[in-house]
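Heads up: the structure comes next, in structure tokens.
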Amino acid sequence: MKLLFILSLSLLVSCSLGVTQTGGDRSYVYDLAQDYSQEDLQELSPQVITTLKRDPIKGTLEDLFSKKQPPLKRIGILVFETIIQPARDGLSKQDKIYLSASGKQLLTEKLLSMWEQSLPLLGPEIEFVPTSKIKKSKTLKTYGSTVVDHVNAKRDAIMPDDIFFIPLGKEISMYTTLNSRGMRDLSLALVPASELIQGPKYSEHMKHAVNDLAKELKLDAVLVVMSEIKWNSAHIDKHSGEIFPEEAKISLKATTAVPLTSYRQRLEALGEKRDHPSISVSYRAYESTLKIPIEITIPEEQMTFEHIEKALLNPVLKTYNDMTQMMELQIIQDLKKTH
């Protein structure tokens, strides 16, 4: 058992070697009340967004994606997952805010729409293939599995039954991660697909799905996105004594994955004719986390949907939209380096 642990730890350490990290120094104060322009977000982006990269098994990223190689122009989002106010313990404990399965699905779809609306506007040089087209692909029907649709009516607005205050200690459901696009196997509910494929690494996971989808839709690369949102009420951890302020924590990660066929072709252009690795390659990975003050601990008579919408949802969505645009600006800037 000890040997297995040591081997696992060695593998983990080796996978982190060679990673180059830039940006994300966060030497600024994010102002929730400020209406940031595109120019403001462009300036803030390198400070907010951390960019990571790592050379694959063969070749270097610099050579594989130089301007002598085919450019990365046509992209689409293959994996879009969320972990929103996780309820793994089955009890509301100190967090007080509960989202139903329909609430998590609606919020997931709202977050995805922000990505899809911004990308074509921020990067007209990049051809973005929309979700609607990817959903209809033959490849998804082969590799993807459908998930339950928790929104019974045709709506996109979040209602009082979707998100609400909950009494301390009340039993709640186990819904934690939802992917409303049906782009991964449900068996990965507790180990999100994005965690297996994203990051500054080469990946075996979903490599054939990535490759076949890229061929069918003529994609140069696919995006893998994970969003995490959690509202925390003010409390003191009974074990560590750490004081937690009232805040919303928003984490965003994305990876630009290049299919194995493209990787092999790029290797051949460099004169590598033999022993081509059968893997997807991460061109870049991006991550960012922001915390914003919120107000959860309020008198019971004020615990209404109107308060949730105004004091919790709106600030989080505004911040997430800014984060999305800043991350997309970094993604587009990096993609244009290959043109």
Exercise. Between Leu270 and Ile57, is there a shared hydrophobic cluster once you connect ILVMFWY residues whose side-chain heavy atoms come closer than 4.5 Å?
Worked result: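 Shared cluster, yes.
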Problem set entry | Cluster check Leu260, Leu78: I/L/V/M/F/W/Y, side chain < 4.5 angstrom | no
What residues form a salt bridge (charged side-chain N to carboxylate O under 4.0 Å, His left out) with [X], not counting sequence neighbours?
| X | value |
| --- | --- |
| Glu242 | none |
| Glu268 | none |
| Lys336 | Glu125 |
| Lys110 | none |

Within the structure provided, determine whether [X] and [Y] are in side-chain contact (heavy-atom separation under 4.5 Å).
| X | Y | result |
| --- | --- | --- |
| Trp231 | Lys96 | no |
| Asn232 | Ile296 | no |
| Arg284 | Ile331 | no |
| Ile97 | Leu312 | yes |
| Tyr263 | Ser280 | no |
| Phe80 | Thr131 | no |
| Thr51 | Gln21 | no |

For this session: To the nearest 0.5 angstrom, please state how far the CD atom of Glu228 sits from the OG1 atom of Thr82.
Result: 9.5 Å
Problem set entry | From Leu119 atom CG to Met114 atom CE, the distance as rounded to the nearest 0.5 Å | 13.5 Å
For this session: Could you go through the side-chain contact (heavy atoms from CB on, under 4.5 Å) check for Ile229 and Gln85 one step at a time?
Result: CA-CA 6 Å; Ile229 297 174; Gln85 197 70 349; over 6 Å; no
Kindly give the heavy-atom pair with the smallest separation between [X] and [Y], and that separation in Å.
| X | Y | result |
| --- | --- | --- |
| Ile126 | Leu72 | CD1-O, 4.2 Å |
| Leu64 | Pro56 | CD1-CG, 3.6 Å |
| Thr338 | Phe65 | CG2-O, 3.6 Å |

Exercise. Quick check: does any side chain N or O of Asp162 sit under 3.5 Å from a backbone N or O of Ser102, one acting as donor and the other as acceptor?
Worked result: no
Problem set entry | Any donor-acceptor N/O pair, Glu246 side chain to Ala234 backbone, under 3.5 Å | yes
For this session: Can you establish whether the number of heavy atoms outside Lys273 located under 6.0 Å from its atom NZ is more than 12?
Result: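 For Lys273, atom NZ is crowded (more than 12 foreign heavy atoms under 6.0 Å).
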Exercise. Do Asp322 and Thr319 have side-chain atoms, one donor and one acceptor, less than 3.5 Å apart?
Worked result: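 The criterion, which ignores hydrogens and geometry beyond distance, is not satisfied for Thr319 and Asp322.
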For this session: Please confirm whether Phe305 and Phe164 have ring centers closer than 6.0 angstrom.
Result: no
For this session: Apply the test salt bridge (Lys or Arg N to Asp or Glu O under 4.0 Å) to residues Asp212 and Lys215: give CA-CA distance (whole Å), side-chain angles for both, the deciding distance (0.1 Å), then the verdict.
Result: CA-CA 5 Å; Asp212 291 350; Lys215 283 184 177 179; 5.2 Å; no
Show which side-chain atoms of residues 248-258 pair as donor or acceptor with protein atoms under 3.5 Å away, not counting sequence neighbours.
unit_1	atom_1	unit_2	atom_2	d
Ser251	OG	Thr289	OG1	3.0
Thr255	OG1	Gly199	N	2.8

Going by atom type alone, with no hydrogens or angles, which donor-acceptor pairs under 3.5 Å involve a side-chain atom of residues 216-224 and a protein atom two or more places apart or on another chain?
unit_1	atom_1	unit_2	atom_2	d
Glu216	OE1	Lys138	N	3.3
Glu216	OE1	Thr139	N	3.0
Glu216	OE1	Thr139	OG1	2.7
Glu216	OE2	Lys138	N	2.9
Asp220	OD2	Lys73	N	2.8
Asp220	OD2	Arg74	N	2.8

For this session: With Pro277 as reference, evaluate Val281, Asp275, Ile279 under the side chain to side chain contact (heavy atoms under 4.5 Å, CB included) test and give the passing residue.
Result: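 Going through the options one by one, the only one that passes is Ile279.
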